[in-house]
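Below is one structure; the comments refer to it alone.
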Number of protein chains: 2
Amino acid sequence: MNAALSQLQAEIQQSSPFPSVQEEAVLSILRTADLIRTAIANLLAPAAITMQQYNVLRILRGAGSAGLPTLAIGDRMIESAPGITRLLDRMEAKGWVSRERCKLDRRVVYARISGEGLRLLAGLDEPLRASTVLSLTGVEESALGQMIQLLASVRQSIHPGAAAPTCEGVIGEASPTKSNQTSSSRRKHS
Amino acid sequence: MNAALSQLQAEIQQSSPFPSVQEEAVLSILRTADLIRTAIANLLAPAAITMQQYNVLRILRGAGSAGLPTLAIGDRMIESAPGITRLLDRMEAKGWVSRERCKLDRRVVYARISGEGLRLLAGLDEPLRASTVLSLTGVEESALGQMIQLLASVRQSIHPGAAAPTCEGVIGEASPTKSNQTSSSRRKHS
DNA sequence: GATCAATAGTTGACATGACAATGATTGTTG
DNA sequence: CAACAATCATTGTCATGTCAACTATTGATC
């Protein structure tokens with residue numbers, strides 16, 4: 001086994017110039033996503049807001065004045081609950097959101113976007129939409145439509161049966177980390 | 001695939017419709033990349049290795065027995081130098097790599113993959129290649145080729161003039177971090 | 001040959017993300 | 001109603017990424 005192993009090692013040290021089309025496609029997606037993420041992060045940086053925080057703000061704006069429980073935000077972002085708590089901590093410290101414990105169920109904490117948060121979003125929406133990241137001049141719309149379909153089929157191929165969670169135009173969502181299951185099935189609340 | 005597409009559209013339109021095909025395309029890319037990242041992370045998890053560490057190992061394997069200076073690894077991963085140092089710290093602690101100071105230029109530290117690191121990689125290559133993530137059954141190869149080209153044009157549109165570095169089959173590469181050139185001045189070597 | 005700038009790498013401080021465990025509250029069941 | 005389980009949110013701890021500052025070494029300049 002040692003002989004075979006070292007042979008394998010020697011072989012490996014030279015190999016890996018051109019993998020499969022599949023691998024190249026995966027690399028392309030990852031590389032492009034990174035580029036997009038970086039570009040958006042750069043756009044948001046002047047406002048001292050991260051992509052995750054921006055997403056939370058957009059979700060809360062969508063939720064309206066009623067606000068949203070912490071875990072409900074987590075569901076929409078597919079992000080773990082602890083992350084949301086700390087995200088909200090920092091955003092509350094910056095005055096973008098406010099939190100209030102629910103009176104009916106004192107376990108629940110509602111988060112609401114503040115006027116300042118709304119102003120921040122309002123000032124960011126346009127620059128984002130106008131940037132090269134979201135305008136994508138140079139790529140025809142028909143091509144983009146094609147790509148959207150292709151990416152959908154890629155997702156389907158990777159993880160069949162996983163419906164895309166609702167995200168109201170959220171820019172970058174987190175990953176479910178481990179075997180992603182939709183935990184949004186049991187949401188009753190009153 | 002039409003099902004997935006219309007589902008995505010339907011879900012999003014109910015809360016807030018996509019303002020543009022461009023934005024939908026960007027979201028699709030981000031969502032797909034996240035799915036891929038999660039899937040790969042799950043594949044690597046049993047080996048207790050992260051994607052970044054896996055990338056470093058592959059880069060070092062490609063570098064051969066000569067090894068590679070720390071910053072050279074950072075260049076290939078487009079990752080900041082401090083991150084590489086600490087990444088190598090943990091990987092050295094696990095016995096996957098070894099480091100040695102260069103005798104000619106004592107500022108330089110060469111990192112080399114160890115036999116254990118090579119064995120780890122060898123055991124990981126096949127599961128990765130066999131997984132749904134990199135096999136992408138269900139998507140025709142011609143479609144993948146199309147998508148690769150489309151993604152390339154998207155990258156071009158976002159960040160013109162930045163030719164993607166080759167990266168020897170690295171699975172997930174980091175982003176150029178902050179503002180496309182903030183720290184690139186340090187990154188000038190030949 | 002001493003001084004100074006550039007380079008390679010490291011460390012410190014901080015933000016973030018993940019998993020596990022815990023606290024507080026509510027609902028359920030005997 | 002008392003004990004228990006479930007739920008929501010939080011905190012603890014660790015891994016990681018980033019920026020800024022630092023050390024050690026090299027090369028260049030006078």
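All of these numbers come straight from a predicted model, not from anything done at the bench. Sequence lines set the chain letters: A, B, ... in the order given, protein chains first and strands last, and positions in each chain run from 1.
We find that CG of B:L87 is positioned 16 Å from C1' of C:dT11, with the value rounded to whole Å. Summarising the geometry, the separation between CD on A:E100 and C1' on D:dC8 is reported as 16 Å, rounded to the nearest angstrom. Between the C1' atom of D:dT16 and the CE atom of B:M77 lies a distance of 11 Å, rounded to the nearest Å. The CG atom of B:N55 sits 13 Å away from the P atom of D:dT16 (whole-angstrom rounding). Whole-Å rounding puts the A:R106 CZ to C:dG23 C1' distance at 13 Å. The separation between A:M51 atom CE and D:dT18 atom C1' is 16 Å, rounded to whole Å. Following rounding to the nearest Å, B:I73 (CD1) and C:dA8 (P) show an atom-to-atom distance of 14 Å. Atom pair A:E92:CD and C:dA15:P shows a separation of 16 Å (rounding to whole Å applied).
Every residue was checked against the side-chain contact (heavy atoms from CB on, under 4.5 Å) condition with A:P127, not counting sequence neighbours, and none meets it. Taking the side-chain contact (heavy atoms from CB on, under 4.5 Å) definition, one finds that A:A47 meets it with A:I49, A:L120, A:L124, sequence neighbours left out. Listed by chain and number, the residues in a side-chain contact (heavy atoms from CB on, under 4.5 Å) with A:S142 are A:E140 (sequence neighbours excluded). Remark: A:S65 pairs with no residue by the side-chain contact (heavy atoms from CB on, under 4.5 Å) rule, at least two apart or across chains. The side-chain hydrogen bond (donor to acceptor under 3.5 Å, both in side chains) search around A:Q146 returns none, not counting sequence neighbours. Under the salt bridge (Lys or Arg N to Asp or Glu O under 4.0 Å) criterion, A:R112 pairs with A:E100, not counting sequence neighbours.
Between A:K103 and B:D105, it is B:D105 whose nearest contact on DNA chain C lies nearer the 5' terminus.
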What does the list of N/O pairs under 3.5 Å between the protein and nucleotides 9-12 of chain D look like, with a distance for each?
{"residue": "D:dA9", "atom": "OP1", "partner": "A:T70", "partner atom": "N", "Å": "3.2"}
{"residue": "D:dA9", "atom": "OP1", "partner": "A:V109", "partner atom": "N", "Å": "2.9"}
{"residue": "D:dA9", "atom": "OP1", "partner": "A:V109", "partner atom": "O", "Å": "3.1"}
{"residue": "D:dA9", "atom": "OP2", "partner": "A:L71", "partner atom": "N", "Å": "2.8"}
{"residue": "D:dT10", "atom": "OP1", "partner": "A:R99", "partner atom": "NH1", "Å": "3.2"}
{"residue": "D:dT10", "atom": "OP2", "partner": "A:T85", "partner atom": "OG1", "Å": "2.8"}
{"residue": "D:dG12", "atom": "N7", "partner": "A:R86", "partner atom": "NH2", "Å": "2.6"}
{"residue": "D:dG12", "atom": "O6", "partner": "A:R86", "partner atom": "NH1", "Å": "3.0"}
{"residue": "D:dG12", "atom": "O6", "partner": "A:R86", "partner atom": "NH2", "Å": "3.4"}

Using a cutoff of under 3.5 Å, can you pull out all pairs of nitrogen or oxygen atoms linking the protein to nucleotides 1-5 of chain C, with atom names and distances?
none

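The phosphate of D:dT16 (OP1 or OP2) has a side-chain N or O of B:T50 nearer than 4.0 angstrom. Checking the phosphate oxygens (OP1, OP2) of C:dT16, a side-chain nitrogen or oxygen of A:Q53 falls inside 4.0 Å. Remark: A:Q52 is not in phosphate contact with C:dT16, judged by side-chain N or O atoms under 4.0 Å from OP1 or OP2. Contact between the side-chain N/O atoms of B:S80 and the OP1/OP2 oxygens of D:dG17 is not found at any separation under 4.0 Å.
Note: A:I148 CD1 to A:S153 OG = 12.0 Å, rounded to the nearest 0.5 Å.
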Donor-acceptor contacts, no H, no angles, side chain residues 90-98 of chain B, under 3.5 Å, sequence neighbours left out:
{"residue": "B:E92", "atom": "OE1", "partner": "B:R99", "partner atom": "NE", "Å": "3.3"}
{"residue": "B:E92", "atom": "OE1", "partner": "B:R99", "partner atom": "NH2", "Å": "3.2"}
{"residue": "B:K94", "atom": "NZ", "partner": "B:A48", "partner atom": "O", "Å": "2.9"}

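Screening B:N55, B:L118, B:I73, B:L121 for a side chain to side chain contact (heavy atoms under 4.5 Å, CB included) with B:L60, the sole residue that qualifies is B:I73.
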